[in-house]
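Inspection log for the structure reproduced underneath, given as structure tokens.
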Amino acid sequence: MAQRRPMVEDYWRRCDPAFMDGAGAESFSAFLSRVRLLRARLQDASEAFIVVFAHGQVMQALRLITAMPDADNGTVMALFPTYDRDNPIANIQVIVLSGDDIVDCTVSL
């Protein structure tokens with residue numbers, strides 16, 4: 001992690017949602033497109049209860065785009081690292097998406 005830290009910091013400092021760090025890499029804009037598609041599919045689903053298992057960064061992006069649905073990719077990217085740091089997702093955390101609202105519930109074992 002220490003070796004990658006300068007590259008990670010440079011990535012967020014650059015704040016370029018179209019940037020791809022090499023062949024086959026995903027841009028932040030492409031990542032947000034996938035998360036927005038997930039949100040739309042969840043909202044359009046006819047099922048009353050759906051469970052999604054995902055990495056924390058996917059869930060963080062889902063939280064942000066739900067809270068700020070009209071924000072452009074650059075704005076979401078600028079807010080993402082601080083939001084992620086200040087609102088950590090615990091292991092086995094349940095995030096409930098209901099309409100346009102998100103409710104966070106932490107489950108303890």
Side-chain angles (χ1 to χ4, degrees):
M1 281 179 46
Q3 210 173 22
R4 290 196 42 80
R5 182 161 312 282
M7 292 177 281
V8 170
E9 289 172 354
D10 180 57
Y11 173 81
W12 291 112
R13 191 175 20 258
R14 174 186 311 222
C15 197
D16 177 2
F19 174 74
M20 292 187 295
D21 191 16
E26 181 178 47
S27 69
F28 194 77
S29 288
F31 166 68
L32 288 181
S33 291
R34 284 191 304 116
V35 175
R36 285 188 175 104
L37 178 62
L38 167 64
R39 183 172 184 261
R41 290 179 69 187
L42 290 171
Q43 288 179 313
D44 292 343
S46 60
E47 294 83 5
F49 186 81
I50 300 171
V51 177
V52 175
F53 293 89
H55 289 280
Q57 288 188 327
V58 171
M59 301 312 291
Q60 295 292 41
L62 182 61
R63 285 170 154 176
L64 276 173
I65 65 172
T66 298
M68 305 174 359
D70 298 324
D72 63 64
N73 293 348
T75 299
V76 176
M77 187 173 193
L79 296 172
F80 192 90
T82 301
Y83 184 83
D84 188 40
R85 182 191 67 234
D86 293 348
N87 301 281
I89 293 181
N91 286 335
I92 313 177
Q93 182 166 338
V94 176
I95 299 173
V96 179
L97 176 64
S98 177
D100 289 333
D101 296 322
I102 284 192
V103 180
D104 291 335
C105 314
T106 302
V107 177
S108 347
L109 297 177

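Every value quoted in this text rests on a predicted model; they were computed, and no experiment measured them. Residue numbers count from 1 along this sequence.
- Scanning for salt bridge (charged side-chain N to carboxylate O under 4.0 Å, His left out) contacts around R34 gives E26, with sequence neighbours left out.
- For the pair P81 and M77, the tightest heavy-atom approach, listed with the atom from each and the gap, is CD-O, 3.2 Å.
- D70 is linked by a salt bridge (charged side-chain N to carboxylate O under 4.0 Å, His left out) to nothing, counting only residues two or more places apart in sequence or in another chain.
- S27 is linked by a side chain to side chain donor-acceptor pair (under 3.5 Å) to nothing, counting only residues two or more places apart in sequence or in another chain.
- Between A18 and S29, the shortest heavy-atom distance links the atoms N-OG, 4.1 Å.
- Going from atom CG of L62 over to atom CZ of R36 covers 11.0 Å, rounded to the nearest 0.5 Å.
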Donor-acceptor pairs are to be reported for all side-chain atoms of residues 1-10 against protein atoms at under 3.5 Å, with residues two or more places apart or in another chain.
| residue | atom | partner | partner atom | Å |
| --- | --- | --- | --- | --- |
| D10 | OD2 | R14 | NH2 | 3.0 |

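- Residue Y11 is not grouped with residue M20 when hydrophobic side chains (ILVMFWY) are merged at heavy-atom distances under 4.5 angstrom, including chains of intermediate members.
- Closest approach of C15 and G74 over heavy atoms only: SG-O, 3.8 Å.
- Pairing each heavy atom of M59 with each of A54, the nearest pair is SD-CB, 3.8 Å.
- Rounded to the nearest 0.5 angstrom, I89 CD1 and Q60 CD are separated by 3.5 Å.
- There is a path of hydrophobic side-chain contacts, each under 4.5 Å, that joins I50 to V58.
- Evaluation of the salt bridge (Lys or Arg N to Asp or Glu O under 4.0 Å) test over residues 41-57, restricted to residues two or more places apart or in two chains, returns none.
- Note on F53: it clusters hydrophobically with F49, by side-chain heavy-atom contacts below 4.5 Å among ILVMFWY residues.
- Note: F28 and F31 meet the aromatic proximity criterion, with ring centroids under 6.0 Å apart.
- Between the side chain of D84 and the backbone N or O of F80 there is no donor-acceptor pair closer than 3.5 Å.
- Here the closest heavy-atom approach between residue R39 and residue P69 is recorded as NH1-CB, 4.5 Å.
- Contacts of D16 classified as side chain to side chain donor-acceptor pair (under 3.5 Å), with partners at least two apart in sequence or in another chain: none.
- To the nearest 0.5 angstrom, L32 atom CG is 12.0 Å from L38 atom CG.
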- Message: The test is side chain to side chain contact (heavy atoms under 4.5 Å, CB included); show your working for Q43 and T66 and say whether it passes.
- Response: CA-CA 11 Å; Q43 288 179 313; T66 298; over 6 Å; no
